[in-house]
Amino acid sequence: MSDVTKTVQKWHASFKKGTDFDSWGQLVEAIDEYQILARQLQKEVQSSNPHDFTEEQKKTLGKVATCLEMRSASLQCTQSQEDFKLEDLKKLEPFIKNIFTYNKDFPFDVQPVPLRKILAPGEEENLDTEEEFDVATGAGSTQSFPRGVPGTLLPRLPSEPGMTLLTLKIEKIGLKDAGQCIDPYMTISVKDFNGVDLNPVQDTPVATRKEDTYIHFCVDVEIQKHLEKLPKGAAIFFEFKHYKPKKRFTSTKCFAFMEMDEIKPGPIVIELYKKPTDFKRKKLNLLTKKPLYLHLHQTLHKD
């Protein structure tokens, strides 16, 4: 059995695993499986190896990845206007299982995620001439955790007696040009006072809805450390990113952050700052004077 045949079998097994979780109501596990498979398919689509798949087959794989992300987003946001149902997703099984021989038309009018380069923090400012990159801010510093493509949210940690876990629901972000942002998503990280990662970095799926000056995410982010274990001076960062087709890369548009004394149950609205992201919080410039913010809702879990 060739390596590429084994790869296709693994994809099919992952697809079945995800749809089984989905049908059983194990939504967290289903979302994880869908997002992992979507990333694997997108990686193959962007591969330069011409021997494994034809361009048409890669296009099909890219469309399947898009549908996986759409189903994942539907599970995470009950208010989504673009609901992608499980029975629709199941129609795609033969497109993965028999990618080399299945010749039917793709059943949904979707497009593969555009070929793009995902850049590390600060890297896009070197390419983007709209604003000057200031190395002194600390953006572009070495990361302790690997960074992923959109859709790398992690499940909640196991509870521990006397310890508190935080769930942050990213509801929406206000931007004057919200409707012009392509494939917007948010990167969430937890940094110490010196800008060093304390948790794995997480990316939300691409936002599913834009409305006036708002982009709606409606996703839960599980902070990957008990609050009692976070050092004094730590902060949670939210980097808003979007795709620039002319430059063919994903750029950070703005960022926001929450400090430890702001963690309390209920809604919170936080200010947006101009890029580059300043993880040390020494040189902060508001993005706008307009009343546009990042809207979050906090839930604390304590045994």
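The figures that follow rest on heavy atoms only: side chains count, while hydrogens, waters and symmetry mates do not. Source: prediction; values computed, not measured.
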Between F95 and K104, which heavy-atom pair has the shortest distance, and what is it? CE2-O, 3.4 Å
Could you pull out all residues at least two apart from E259 that satisfy side-chain hydrogen bond (donor to acceptor under 3.5 Å, both in side chains)?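 In terms of side-chain hydrogen bond (donor to acceptor under 3.5 Å, both in side chains), with neighbours along the sequence ignored, E259 is linked to R281.
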Counterpart residues, side-chain hydrogen bond (donor to acceptor under 3.5 Å, both in side chains), relative to E271 (two or more places apart): Y273
Rounded to the nearest 0.5 angstrom, the OG1-NE2 distance for T252 and H242 is 8.0 Å
Here the gap from I99 atom CD1 to E56 atom CD, rounded to the nearest 0.5 Å, amounts to 9.5 Å
Hey, quick one: are I270 and I173 part of the same hydrophobic cluster, counting side-chain heavy atoms closer than 4.5 Å, chains of contacts allowed? yes
If the test is side chain to side chain contact (heavy atoms under 4.5 Å, CB included), which one of H301, K302, K229, K225 qualifies with M163?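 Only one option passes, and that is K229.
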When you measure from the side chain of [X] to the backbone of [Y], do you find a donor-acceptor pair of N or O atoms at a distance under 3.5 Å?
{"X": "R156", "Y": "E222", "answer": "no"}
{"X": "T204", "Y": "M186", "answer": "yes"}
{"X": "N199", "Y": "Q224", "answer": "yes"}
{"X": "E33", "Y": "D22", "answer": "no"}
{"X": "D212", "Y": "Y214", "answer": "no"}

Does either side chain, that of Q202 or that of T152, offer a donor lying less than 3.5 Å from an acceptor on the other one?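 There is no such pair between these side chains.
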Looking only at side-chain N and O atoms, does H297 offer a donor or acceptor that is under 3.5 Å from a partner on E171?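 Distance-only check fails for E171 and H297.
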Salt bridge flag under 4.0 Å for residues D20 and K17: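 No salt bridge links D20 with K17.
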Under-4.0 Å salt bridge between K253 and D177: yes
Can you tell me if [X] has over 12 outside heavy atoms packed within less than 6.0 Å of its [atom1]?
{"X": "K169", "atom1": "NZ", "result": "yes"}
{"X": "K210", "atom1": "NZ", "result": "yes"}
{"X": "F193", "atom1": "CZ", "result": "no"}
{"X": "D261", "atom1": "CG", "result": "yes"}

Does the plane of the ring in F257 sit parallel, tilted or perpendicular to the ring in F255? Use 30° and 60° as the thresholds.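 Judged by the thresholds at 30° and 60°, the geometry between F257 and F255 is parallel.
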Would you call the rings of H295 and Y293 parallel, tilted or perpendicular, where under 30° means parallel and over 60° means perpendicular? perpendicular
Within the 4.5 Å heavy-atom criterion, are [X] and [Y] side-chain neighbours or not?
{"X": "Q40", "Y": "W11", "result": "yes"}
{"X": "V206", "Y": "Y243", "result": "no"}
{"X": "F106", "Y": "L92", "result": "yes"}
{"X": "L296", "Y": "F238", "result": "yes"}
{"X": "L89", "Y": "L68", "result": "yes"}
{"X": "D197", "Y": "F237", "result": "no"}
{"X": "E93", "Y": "T19", "result": "no"}

For the pair F217 and Y185, evaluate ring-ring contact (aromatic ring centres under 6.0 Å, His included) and give the outcome as yes or no after the intermediate values. CA-CA 8 Å; F217 285 90; Y185 68 98; 8.7 Å; no
